[in-house]
Amino acid sequence: MVEVIRRCGLPGLLTEFTPSVVPAAPPRSEGRATLDDRRRALESTARRLVFAEQRGMDSGLGFLTTEPVRRLIADHSTDLPIAVVVGAKGAGKTFTFARMCTAGTWEAFARENGQNVERRAIVIPVLDPANIAEPQAGVVSPQELRDRAARGPGVTADEIRSHLNAALKDKRSDDPEFWRLRWLECLAWSAGAERGEPAEEFLIDGTLDPSGACLFVIDGLEDWLESLEAEPRRIARGLC
């Protein structure tokens, strides 16, 4: 039967009556280009996020929360954390510092991570990473948070480092109590205290005032301590 149809030329005759719709070719090249564009965009974004100092302060970045951060917030839903965050390079320490500064308050940082806390406190950065990028317009910076706390030009991270460096030459530099008081001065200055104002009293008064509670965050400490010739443990001991 098939041979008879072929000999009669029926296939050619039927072709004239078939719809003349030409099927669109699949956009293979366009699809590949779009996929490549997406890959390049992802690569560009990921490259900027390799170092938290470059994009960590970008308020429009969003935050990929991690289990340790969620646990930190959950464990301190009714009080403020006193914690030392450790981890290898790239673990997210500086990125967490930057996101806390961007949030501006402890409760806003918790909300950014999908949680709620009862205690309210403003985030006060004391030391910043030395190579943190300058934020763009409309993006909060660690220095801006110190300025807000001081209700004017606040102390800078470089001034705090200079204050700590000067303490190394003090005759009391081997005394842990001396370093405890020196660090209290750094905390108080970061929160807006005047030079010469008793740091401990200033911080206690702020703690007793629910609207003036501060959550101090420090980053870049390791790099600064490694740059010193003195024994760094006696300096950091005052923070314990």
Side-chain angles (χ1 to χ4, degrees), residues 22-77 81 83-117 121-148 156-158 160-161 190 215-227 232:
V22 180
R28 297 178 60 184
S29 58
E30 181 181 352
R32 284 197 299 268
T34 301
L35 181 58
D36 289 343
D37 289 343
R38 292 177 179 177
R39 287 171 174 168
R40 282 191 291 267
L42 177 60
E43 178 189 15
S44 177
T45 300
R47 188 185 302 112
R48 291 194 299 269
L49 295 178
V50 169
F51 299 102
E53 294 85 350
Q54 297 178 4
R55 287 290 306 280
M57 299 298 300
D58 188 344
S59 59
L61 182 63
F63 186 43
L64 180 62
T65 185
T66 61
E67 181 58 30
V69 173
R70 288 192 294 269
R71 190 163 56 248
L72 173 69
I73 299 172
D75 290 345
H76 298 87
S77 59
V84 178
V85 180
V86 298
K89 288 186 179 297
K93 302 183 298 297
T94 295
F95 191 71
T96 301
F97 166 87
R99 301 314 300 170
M100 292 184 73
C101 291
T102 302
T105 64
W106 173 239
E107 58 271 22
F109 179 71
R111 286 195 302 270
E112 191 177 31
N113 286 270
Q115 300 190 59
N116 294 310
V117 294
I122 58 175
V123 174
I124 302 292
V126 181
L127 288 177
D128 317 333
N131 57 340
I132 194 166
E134 288 295 328
Q136 300 178 357
V139 179
V140 70
S141 70
Q143 185 57 48
E144 185 176 346
L145 293 176
R146 288 188 289 267
D147 293 344
R148 290 179 184 176
T156 66
D158 287 338
I160 292 178
R161 292 188 187 95
S190 299
L215 176 59
F216 296 99
V217 290
I218 299 175
D219 195 27
L221 182 62
E222 178 183 359
D223 294 336
W224 175 66
L225 291 176
E226 289 179 350
S227 68

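Quick caveat: nothing in here was measured; it's all calculated off a predicted structure.
- The salt bridge (Lys or Arg N to Asp or Glu O under 4.0 Å) check on R70 picks up E67, with sequence neighbours excluded.
- Atom-to-atom distance recorded for R99:CZ and T94:OG1 is 13.5 Å, nearest 0.5 angstrom.
- Looking only at side-chain heavy atoms (C-beta outward), L145 and R148 come within less than 4.5 Å of each other.
- When atom types are taken as modelled, the side chain of R146 and the backbone of P125 share a donor-acceptor pair closer than 3.5 angstrom.
- Here the side chains of V117 and H76 are not in contact, with every heavy-atom distance at 4.5 Å or above.
- Looking at I122 and L215, their side chains never come closer than 4.5 Å, going by heavy atoms from C-beta outward.
- Within the 4.5 Å cutoff, the side chain of I73 has heavy atoms near those of the F109 side chain.
- Using a 4.5 Å cut-off on side-chain heavy atoms (C-beta onward), V217 and V126 make no contact.
- Considering every non-hydrogen atom in both S190 and I160, the closest pair reads OG-CD1, 3.2 Å.
- Checked for salt-bridge contact, R161 and D128 miss the test: no charged N lies under 4.0 Å from a carboxylate O.
- In this structure the side chain of P81 never reaches within 4.5 angstrom of the side chain of D75, judged on heavy atoms.
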**Report entry** Residue pair T96, V85: steps toward the side chain to side chain contact (heavy atoms under 4.5 Å, CB included) verdict
**Finding:** CA-CA 10 Å; T96 301; V85 180; over 6 Å; no
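- E107 places a side-chain N or O within donor-acceptor distance of the main-chain N or O of A121, the cut-off being under 3.5 Å.
- Remark: the backbone N or O of G87 is paired with a side-chain donor or acceptor of K93 at under 3.5 angstrom.
- To the nearest 0.5 Å, atoms SG (C101) and CD1 (I124) are separated by 9.0 Å.
- F97 CZ to T102 OG1: the interatomic distance, rounded to the nearest 0.5 Å, is 9.5 Å.
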